[in-house]
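Beneath this line is the structure, given in structure tokens, with notes to follow.
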Number of protein chains: 2
Amino acid sequence: MARSGADLALLLLGGFRTLVDAATAELARRGHEDVRPVHDFAMRAIADGADTAAELSRRLSIAKQSAAKTIAVLEERGYVAGATDPRDARRKRLVVTELGFEVLRTGEAIFEELRGQWAQQIGAPELELLEKQLAALVGAVPVRFDTPGWITRDLGESI
Amino acid sequence: MARSGADLALLLLGGFRTLVDAATAELARRGHEDVRPVHDFAMRAIADGADTAAELSRRLSIAKQSAAKTIAVLEERGYVAGATDPRDARRKRLVVTELGFEVLRTGEAIFEELRGQWAQQIGAPELELLEKQLAALVGAVPVRFDTPGWITRDLGESI
DNA sequence: GAACTATAGACAGCCAGGCTGTCGTTCGTC
DNA sequence: GACGAACGACAGCCTGGCTGTCTATAGTTC
């Protein structure tokens, strides 16, 4: 029960953090301690066709340089591999490695479990309605990543 | 309509960001361009009795040093003033200045307006139910600030 | 085929907001 | 009076954003 609009914002943030914290912790427990939420989002985008730094930056609405930084981390940790495109020597085409896909699958499963817990608590139809209403309120506003570090840090820890 | 648990998390984050971005932008429009969400939260806590760096750090669940950093910014910008406690020379008692209170009031009004818009879109009873359900789901989990920078950055911009 | 423009990615460096570790000062208690 | 606890300050680190500048390559136009 929010007392004000600011509390509503905190509720939304709290809900997000609850999910993401739990997911990050569980993912770490299952052997992926070096994955943060941002990494999950980035890998999803890469797997989904954003296979160059420039494209990833557009997809996530972040600076090209920030995307390159994230990619460097993912490559270093073995979640993503890159090779120069034979048809365009400027591009470095990215692929998600098997290890990366494992993280994506595990993360998805964990989030699915968490969502199931929520559905149990308030009822599946109610949760669906809540999601529908939130989607309507959020509208076409895309989630961007030029936000404070603390959110993404938790993201990384939870996914 | 979320397709998965991860999408639910993104919806929550999106809702938060939508509110906070709008609030930060509006607050900047009304003359407070240097206030970020963290600052608002910190000022609320200070006004609410967390009037030393150590106490603020406990209230926000952040490191003492991080709290001190935030306080330094708030002091520098004139939103908070501090003086050594005459009864305990170790402590530096903080007070929110009139300028600080103005920001708090303005921020509150803006969030109230935004919440009103949401209530119009999905109906006031529905919004209240949504808040109630979210509160139940989030439970006793306090919002902590050791999260990725992008969330707090947006917070700062929006409140 | 040469010249021009657009795009990819790399390098350097900045900023915010977290963090740890260390330290001197002050308080309170024994 | 001595000792431990708590406060605040200083230095320095990390992450994940950012800008600016640079080179190489590609595509387009003359």
Side-chain angles (χ1 to χ4, degrees), chain A residues 17 21 24 34-42 50-58 60-77 80 82-94 143-159, chain B residues 17 21 24 34-42 50-58 60-77 80 82-94 143-159:
Chain A
R17 295 233 17 193
D21 284 1
T24 306
D34 54 358
V35 186
R36 301 181 168 265
V38 205
H39 302 148
D40 182 88
F41 291 151
D51 60 353
T52 64
E55 180 54 31
L56 182 62
S57 78
R58 282 187 290 263
L60 301 183
S61 302
I62 59 176
K64 204 171 49 168
Q65 291 81 344
S66 308
K69 242 190 200 177
T70 302
I71 290 169
V73 171
L74 289 173
E75 280 191 313
E76 190 190 309
R77 300 186 183 169
V80 153
T84 303
D85 186 338
R87 289 181 305 179
D88 186 340
R90 288 172 308 177
R91 293 175 183 228
K92 192 176 158 192
R93 288 223 114 86
L94 303 169
V143 175
R144 286 164 58 246
F145 286 86
D146 60 331
T147 335
W150 64 284
I151 289 256
T152 36
R153 199 157 65 214
D154 285 11
L155 260 177
E157 282 163 9
S158 43
I159 265 218
Chain B
R17 294 231 18 190
D21 284 359
T24 306
D34 55 357
V35 186
R36 303 184 166 262
V38 204
H39 302 148
D40 181 88
F41 291 151
D51 61 354
T52 66
E55 180 54 31
L56 182 62
S57 77
R58 283 187 289 263
L60 300 184
S61 301
I62 59 176
K64 204 173 49 168
Q65 292 80 347
S66 307
K69 240 190 202 178
T70 302
I71 290 169
V73 172
L74 288 173
E75 281 190 313
E76 190 190 307
R77 300 186 182 169
V80 153
T84 303
D85 187 339
R87 289 181 305 181
D88 185 342
R90 289 173 307 178
R91 294 175 182 229
K92 191 176 158 192
R93 288 223 115 86
L94 303 168
V143 175
R144 288 164 55 244
F145 286 87
D146 60 330
T147 336
W150 64 285
I151 289 258
T152 34
R153 200 156 65 213
D154 285 9
L155 261 177
E157 283 162 7
S158 43
I159 266 216

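So that the names make sense, note that chain A is the first sequence line, chain B the second, and so on, each numbered from 1.
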Open item on the list: Distance check, rounded to the nearest 0.5 Å: A:Leu60 atom CG versus A:Glu55 atom CD?
Closed with: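 Interatomic distance, A:Leu60 CG to A:Glu55 CD, rounded to 0.5 Å: 9.5 Å.
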
Open item on the list: Side chain of B:His39 only, heavy atoms from C-beta on: which candidate in C:dG17, D:dG8, C:dT26 is closest?
Closed with: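 Nearest to the side-chain atoms of B:His39, counting from C-beta on, is C:dG17.
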
Open item on the list: Of the options D:dG16, C:dT26, C:dG17, whose atoms approach the side-chain atoms of A:Val38 most closely?
Closed with: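 The closest nucleotide is D:dG16.
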
Roughly, in whole Å, what's the span from [atom1] in [X] to [atom2] in [N]?
X: B:Glu55; N: D:dC7; atom1: CD; atom2: P; answer: 8 Å
X: B:Arg93; N: D:dA6; atom1: CZ; atom2: P; answer: 16 Å
X: A:Phe41; N: D:dG16; atom1: CZ; atom2: P; answer: 13 Å
X: A:Leu60; N: D:dC18; atom1: CG; atom2: P; answer: 10 Å
X: A:Ile62; N: D:dG16; atom1: CD1; atom2: C1'; answer: 9 Å
X: B:Asp51; N: D:dC7; atom1: CG; atom2: P; answer: 11 Å
X: B:Lys92; N: C:dT25; atom1: NZ; atom2: P; answer: 17 Å

Mind checking side-chain contact (heavy atoms from CB on, under 4.5 Å) for [X] and listing every partner two or more places apart, or none if nothing turns up?
X: B:Ala67; value: B:Leu56, B:Ser57, B:Ile62
X: B:Asp88; value: B:Asp85, B:Arg90, B:Arg91
X: A:Ala54; value: A:Thr52, A:Arg58, A:Lys64

Task: Closest heavy-atom pair and its distance - A:Thr70, A:Ala42 - done: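 Shortest heavy-atom separation between A:Thr70 and A:Ala42 comes out as CG2-CB, 4.1 Å.
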
- [ ] For A:Gln65, check side chain to side chain donor-acceptor pair (under 3.5 Å) against everything at least two apart and list the hits.
- [x]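 Testing A:Gln65 for side chain to side chain donor-acceptor pair (under 3.5 Å), a comparison that skips the adjacent residues, returns none.
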
Open item on the list: I'd like to check the side chain to side chain donor-acceptor pair (under 3.5 Å) partners of A:Arg77; sequence neighbours left out, ordered by chain and number.
Closed with: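 For A:Arg77 there are no side chain to side chain donor-acceptor pair (under 3.5 Å) partners, ignoring immediate neighbours.
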
What pairs of nitrogen or oxygen atoms, one from the protein and one from nucleotides 20-22 of chain D, lie under 3.5 Å apart?
residue	atom	partner	partner atom	Å
D:dG20	O6	A:Gln65	NE2	2.7

Task: Given B:Ile71, B:Asp34, B:Val80, B:Val73, the one that forms side-chain contact (heavy atoms from CB on, under 4.5 Å) with B:His39 - done: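 The residue from B:Ile71, B:Asp34, B:Val80, B:Val73 that satisfies side-chain contact (heavy atoms from CB on, under 4.5 Å) with B:His39 turns out to be B:Val73.
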
Open item on the list: Both A:Asp88 and A:Ser66 contact DNA chain D. Which one's nearest nucleotide lies toward the 5' end?
Closed with: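 In this pair, the answer is A:Ser66.
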
Open item on the list: Quick check on contacts: within residues 69-76 of chain A, what sits under 4.0 Å from DNA chain D by heavy-atom distance?
Closed with: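 Output list: A:Lys69, A:Thr70.
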
TODO: Take the C1' atoms of the five end pairs on each side of the helix from C:dG1-D:dC30 to C:dC30-D:dG1, get both axes, and report the angle to 10 degrees.
DONE: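 Axis angle across the helix from C:dG1-D:dC30 to C:dC30-D:dG1, nearest 10°: 0°.
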
Task: Sugar-phosphate, base or nothing in reach of B:Ala63, heavy atoms under 4.0 Å - done: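 Base contact.
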
Give every pair of a protein N or O atom and an N or O atom of nucleotides 5-7 of chain C that lie under 3.5 Å apart, one pair per line with the distance.
residue	atom	partner	partner atom	Å
C:dT7	O2	A:Arg90	NH1	3.0

